[in-house]
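Have a look at the structure below, then the notes.
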4 protein chains.
Amino acid sequence: MAQKQSAPDATRRSERSRRAIYDAALALVVEVGYPKTTIEGIAARAGVGKQTIYRWWASKADVLLEAFLDLGERAARAAGASGRAAYALPDTGDLAADLKLVLRATVDELRDPAFEAPSRALAAEGVVNEEVGRRFVAELLEPSLRLYVDRLRSAQEAGHVRADVDPRIALELFVSPLAQRWLQRTGPLTHEYTDTLVDYALNGLAPR
Amino acid sequence: MAQKQSAPDATRRSERSRRAIYDAALALVVEVGYPKTTIEGIAARAGVGKQTIYRWWASKADVLLEAFLDLGERAARAAGASGRAAYALPDTGDLAADLKLVLRATVDELRDPAFEAPSRALAAEGVVNEEVGRRFVAELLEPSLRLYVDRLRSAQEAGHVRADVDPRIALELFVSPLAQRWLQRTGPLTHEYTDTLVDYALNGLAPR
Amino acid sequence: MAQKQSAPDATRRSERSRRAIYDAALALVVEVGYPKTTIEGIAARAGVGKQTIYRWWASKADVLLEAFLDLGERAARAAGASGRAAYALPDTGDLAADLKLVLRATVDELRDPAFEAPSRALAAEGVVNEEVGRRFVAELLEPSLRLYVDRLRSAQEAGHVRADVDPRIALELFVSPLAQRWLQRTGPLTHEYTDTLVDYALNGLAPR
Amino acid sequence: MAQKQSAPDATRRSERSRRAIYDAALALVVEVGYPKTTIEGIAARAGVGKQTIYRWWASKADVLLEAFLDLGERAARAAGASGRAAYALPDTGDLAADLKLVLRATVDELRDPAFEAPSRALAAEGVVNEEVGRRFVAELLEPSLRLYVDRLRSAQEAGHVRADVDPRIALELFVSPLAQRWLQRTGPLTHEYTDTLVDYALNGLAPR
DNA sequence: GACTAAGCGAGACGGTACGTCGGGTCTTTGT
DNA sequence: ACAAAGACCCGACGTACCGTCTCGCTTAGTC
């Protein structure tokens, strides 16, 4: 039951410092970029001792991951407060239309610098650092992908998608191309592009 | 007409040092990982002065990119010497079979540590560093993707793929999911998986 | 009439903690040396909160000074319990013999690590820190020196020392050389050496 | 033949940096005191990287010791340039007068802050750190003491000091009291005081 | 016998300095 | 003129302590 050298007492933790560190980390990544964001810089900007960061997080990536998750939660709470929680994709019965809508929204979000900078940084770190990568996928990516699985299942029940199709793989036909274009800049991210992806992919998944 | 600090005379460049630097860079990335691969470390391992690296390359990523390109060229030359150059995908007339074959080979290659470590490192760097990303895509990724475009065009001429399909987008239906699973570890990389991708995708692209 | 941060109530002070802190401080100075003895270390070893130290003492040197004084008192009490209190130097009428005896005993004491480590530490601190230096001299050194003054006065009355000699200065002729050899390691500390000092000092260097 | 981790090449050493470090160290010790003089502070003030200090010196005390030795050499060279080298004490034939003169000069020097601050710091460090203490004595103290030995020998030859007296010990009768008063502040440092010391030491305390 | 109010162990906190690593520049010495 | 070597200035690393500041918990002394 090994602990990381005499684990600190979480009940005594300063909420104030945590918030300040999240804010500083996100701001710095946006302003100067991930590589030039340093723990020292985060601490200075947050008005916090370095040790307070090292006490609660294992690495720069770890800080940013939590900060980004927190950002997402706050955004979700803000959205949820206004009545709607994004726990499911829209389901109007028209699969193609629903997917196009969601993917267009995703494209827009990927362009928001406040989201782009940290998520790109985390994605990059995750490519090379397996531990971070696993957390990134498990805590950020998978929850979203699961929504697609649900929507595709519903479509299968409605007979709009072939029953023998594995939704977890099917979703990659339109999600992965978008992800790759974004991550690797292999092509422009436009609404027309995602519409096309949905068209191409659904033709393959729809029953004849 | 400012040059980057009195541009060095390339004709006097030491081929010996270049080779040693490439080898050292690739070896270190495999052995200790990209983040712990340092310019000092490369220089020391290559038995070369640091300045020799700074004279000819702009950054660690730059060194590795060239080293990796060189590795590819050497591999291609070795393959080419044995008679066959991979300037085109196989074209037996059976598109699905050809794609499955190539993707299976790609899966195998992606698992070879000598290729995986540096290409993963470069991909990661490219995500966060636009300059590197552009070169990575242009010099490593696009040449391969163009082969898929060619093969899909040929299939269109043969009437196996709808004429109104854009091959550059179509190829992403099976290439991008593979890329994402590899980069982000969102799922296992198996031959069955790529076979499934091809099946799902081609159904959508094939004429009815 | 400002007091140092709302002076603590000494009547409520924990005797247990004070003892533990003294013991820990002295033990640490012996074991790891003065520079590596830290307030945190003392607190941890004494099983005491850091604040308990900061509440009652102004500095590491302050703790050690009191701890050492306490050690001296305990030693004196132990000696006193056995009947004899060292409130005066021996006075057999033979000044040279008495001084030699006392200085030999001093040499032996200076070699006892339990005394050497803390007193050396305090002396060093006192050299550079005037406040500590003054307390060290006033509370530890002067009381001993006064005994020499008394003994020399007695010798003057007996006509063994010239009447015009200032005893406070005279005592330095044999005490200071010993002190310097000890503090600065300018030479070996032996019984022969202190005997010689007494001879030289009492008789002078010039021929009669 | 163990070296301290791949010893640096002294021939490539920057004289400029060395000078700047000496100056900064001495200035800081005078201005803020030894304990608040930090390696980081020295480096900053000298306009030098910390590593340049760590490369050539083992500790703060080591830097200061060399800086102080260098200061002494420069002072000696300045004095030597004006014709007189202090390689010997004055020898007018009158031992008492010569000693009084020299000790009065010593008292004046001990009061010069530019000398006092660093030498006090080194003395303090030497009390607690044997390695530093030995170097301090060997390189700073002993050379001076040797001059007293020489002068006393000369006095012995002239019959002004008893032949059976050990000069190395005899000198401590007037030098050590001065040293202790200075180091430990056990009394005021005045010319009268040192005069008295010489009188007592040369003539002894006992009546003739 | 309950109610303050302090001292206390514990340890998180904002800081400063530590000693090390590596980045990128510059200089020296071959070759 | 490039190259090996490595000293240099600099900035960040992760750690150790500093001295301050809450947190419960115990322990008197007061109502």
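Predicted model only: the values in this text are computed from it and were never measured. Below, read A as the first sequence line, B as the second, and so on, with proteins coming before strands; counting in each chain starts at 1.
- Against DNA chain F, the stretch residues 37-49 of chain C makes heavy-atom approaches under 4.0 Å through C:Thr38, C:Ile39, C:Glu40.
- If you check F:dC8, E:dA12, E:dG23 against the side chain of A:Arg55, the one that comes closest is E:dA12.
- The base of E:dG9 has none of its N or O atoms less than 3.5 Å from a complementary donor or acceptor on the side chain of C:Lys50.
- Rounding to whole angstrom units, CZ of residue C:Arg18 and C1' of E:dG7 are separated by 14 Å.
- In this structure, the side-chain hydrogen bond (donor to acceptor under 3.5 Å, both in side chains) partners of C:Glu139, at least two apart in sequence or on a different chain, are C:Arg135.
- Checked against salt bridge (Lys or Arg N to Asp or Glu O under 4.0 Å), C:Glu73 has the following partners two or more places apart in sequence or in another chain: C:Arg77.
- At a threshold of 4.0 Å, the pair C:Glu31-C:Arg45 counts as salt-bridged, since one of the basic side-chain nitrogens sits closer than that to a carboxylate oxygen.
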Polar atoms only, N or O, under 3.5 Å: list the protein pairs with nucleotides 27-30 of chain E and their distances.
{"from": "E:dT28", "atom 1": "O4'", "to": "D:Arg12", "atom 2": "NH1", "distance (Å)": "3.4"}
{"from": "E:dT28", "atom 1": "O3'", "to": "D:Arg12", "atom 2": "NH1", "distance (Å)": "3.3"}
{"from": "E:dT28", "atom 1": "O2", "to": "D:Arg12", "atom 2": "NH2", "distance (Å)": "3.0"}

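- Scanning for ring pair (Phe, Tyr, Trp, His ring centres under 6.0 Å) contacts around A:Phe68 gives A:Phe115, with sequence neighbours left out.
- Looking at D:Asn129, D:Val127, D:Leu65 one by one, the single match for side-chain contact (heavy atoms from CB on, under 4.5 Å) with D:Leu122 turns out to be D:Leu65.
- At least one donor-acceptor pair under 3.5 Å links the side chain of D:Lys60 to the backbone N or O of D:Thr37.
- In this structure, the side-chain hydrogen bond (donor to acceptor under 3.5 Å, both in side chains) partners of C:Arg74, at least two apart in sequence or on a different chain, are C:Asp70.
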